[in-house]
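Order of the sequence lines sets the chain letters (A, B, ...), proteins ahead of strands, with each chain counted from 1.
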Amino acid sequence: MANNYYERVFEVTASIPFGRVSTYGAIADYLTLGSARMVGWALNKSFSTKTGVPAHRVVNRKGELSGRGHFPSPTMMQELLEQEGVIIDNNKVRDFDALLWNPSKELA
DNA sequence: TAGTTGACGACGG
DNA sequence: TCCGTCGCCAACT
């Protein structure tokens with residue numbers, strides 16, 4: 001079990017199934033962080049502290065790829081998701097409600 | 001040590 | 001239903 005809150009975010013993020021997506025709020029709620037912004041912080045640090053964290057599977061509550069600007073390439077996030085079969089429409093996840101993976105519901 | 005920032009979310013107008 | 005504002009908490013400068 002990770003000690004730092006962001007390492008827990010890494011674990012939850014890594015638990016997101018292939019081809020599915022999750023939200024900052026869902027992860028924050030599962031880890032009882034109190035703020036979804038903490039998840040964004042953790043994923044941001046994931047680039048410098050850890051590799052292999054599928055941060056592209058985490059989007060905001062509306063299904064928008066709000067984190068794409070923090071990837072090496074703005075289109076990288078979309079391309080990674082499309083490789084997993086997730087359809088991106090106008091920077092939003094299509095069928096977002098169906099693809100949404102809720103950790104507090106799936107892991108609990 | 002204190003102020004500002006940040007990949008968000010909920011609520012009110 | 002859509003837009004704007006406030007709150008959240010840790011890290012960085």
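Picking from C:dA11, B:dG6, C:dC8 the nucleotide with the shortest atom distance to the side chain of A:M38 gives B:dG6. In the set B:dG9, C:dA11, C:dG7, the nucleotide with an atom closest to the side chain of A:Y6 is C:dA11. Comparing atom distances between the A:N44 side chain and each of C:dC12, B:dA7, B:dG9 picks out B:dA7 as nearest. The side chain of A:N60 has B:dC8 as its nearest neighbour among C:dC8, C:dA10, B:dC8. For A:R61, counting side-chain heavy atoms from C-beta on, the closest listed nucleotide (B:dC8, B:dA10, C:dA11) is B:dA10. Here the side chain of A:Y24 is nearest to one of C:dC12, C:dC8, B:dA7, namely B:dA7. With C:dA11, B:dG9, C:dC8 as the candidates, the nucleotide lying closest to the side chain of A:W41 is C:dA11.
Residue A:L33 is classed as a sugar-phosphate contact, given heavy-atom separations below 4.0 Å to backbone atoms only. A:A42 comes within 4.0 angstrom of no nucleic acid atom, judged by non-hydrogen atoms across all strands.
In this structure, the side chain of A:T32 does not engage the main chain of A:D29 through any donor-acceptor pair within 3.5 Å.
Remark: P of C:dC9 and CG of A:D29 are 14 Å apart, rounded to the nearest angstrom. Regarding A:M76, its CE atom lies at a distance of 17 Å from the P atom of B:dA7, rounded to whole Å. With rounding to whole Å, A:L80 atom CG is found 19 Å from B:dA7 atom P. If you measure from atom OH of A:Y5 to atom C1' of B:dA7, you get 12 Å, rounded to the nearest angstrom. What separates CZ of A:R37 from P of C:dC9 is a distance of 12 Å, to the nearest Å. Between the NE2 atom of A:H70 and the P atom of C:dA11 there is a distance of 17 Å, rounded to whole Å. A:R8 places its CZ atom 14 Å from the C1' atom of C:dA10, with the value rounded to the nearest Å. Taking atom CG on A:L31 and atom C1' on C:dA10, their separation rounds to 14 Å, with Å as the unit.
Salt bridge annotation for A:E84-A:R20: absent, with no cationic side-chain nitrogen under 4.0 angstrom from a carboxylate oxygen.
Between the CD atom in A:E7 and the CZ atom in A:F10 there is a gap of 7.0 Å [rounded to 0.5 Å].
An OP1 or OP2 oxygen of C:dG7 is reached within less than 4.0 angstrom by no side-chain nitrogen or oxygen of A:S35.
Applying the Watson-Crick and G-U wobble criteria (two distances, each under 3.5 Å), B:dA7 pairs with nothing in any strand.
Side chains of A:E82 and A:Q78: a donor on one and an acceptor on the other come within 3.5 Å.
Remark: of the listed residues A:N102, A:V12, A:V9, A:V39, A:V12 is the sole one forming a side-chain contact (heavy atoms from CB on, under 4.5 Å) with A:Y30.
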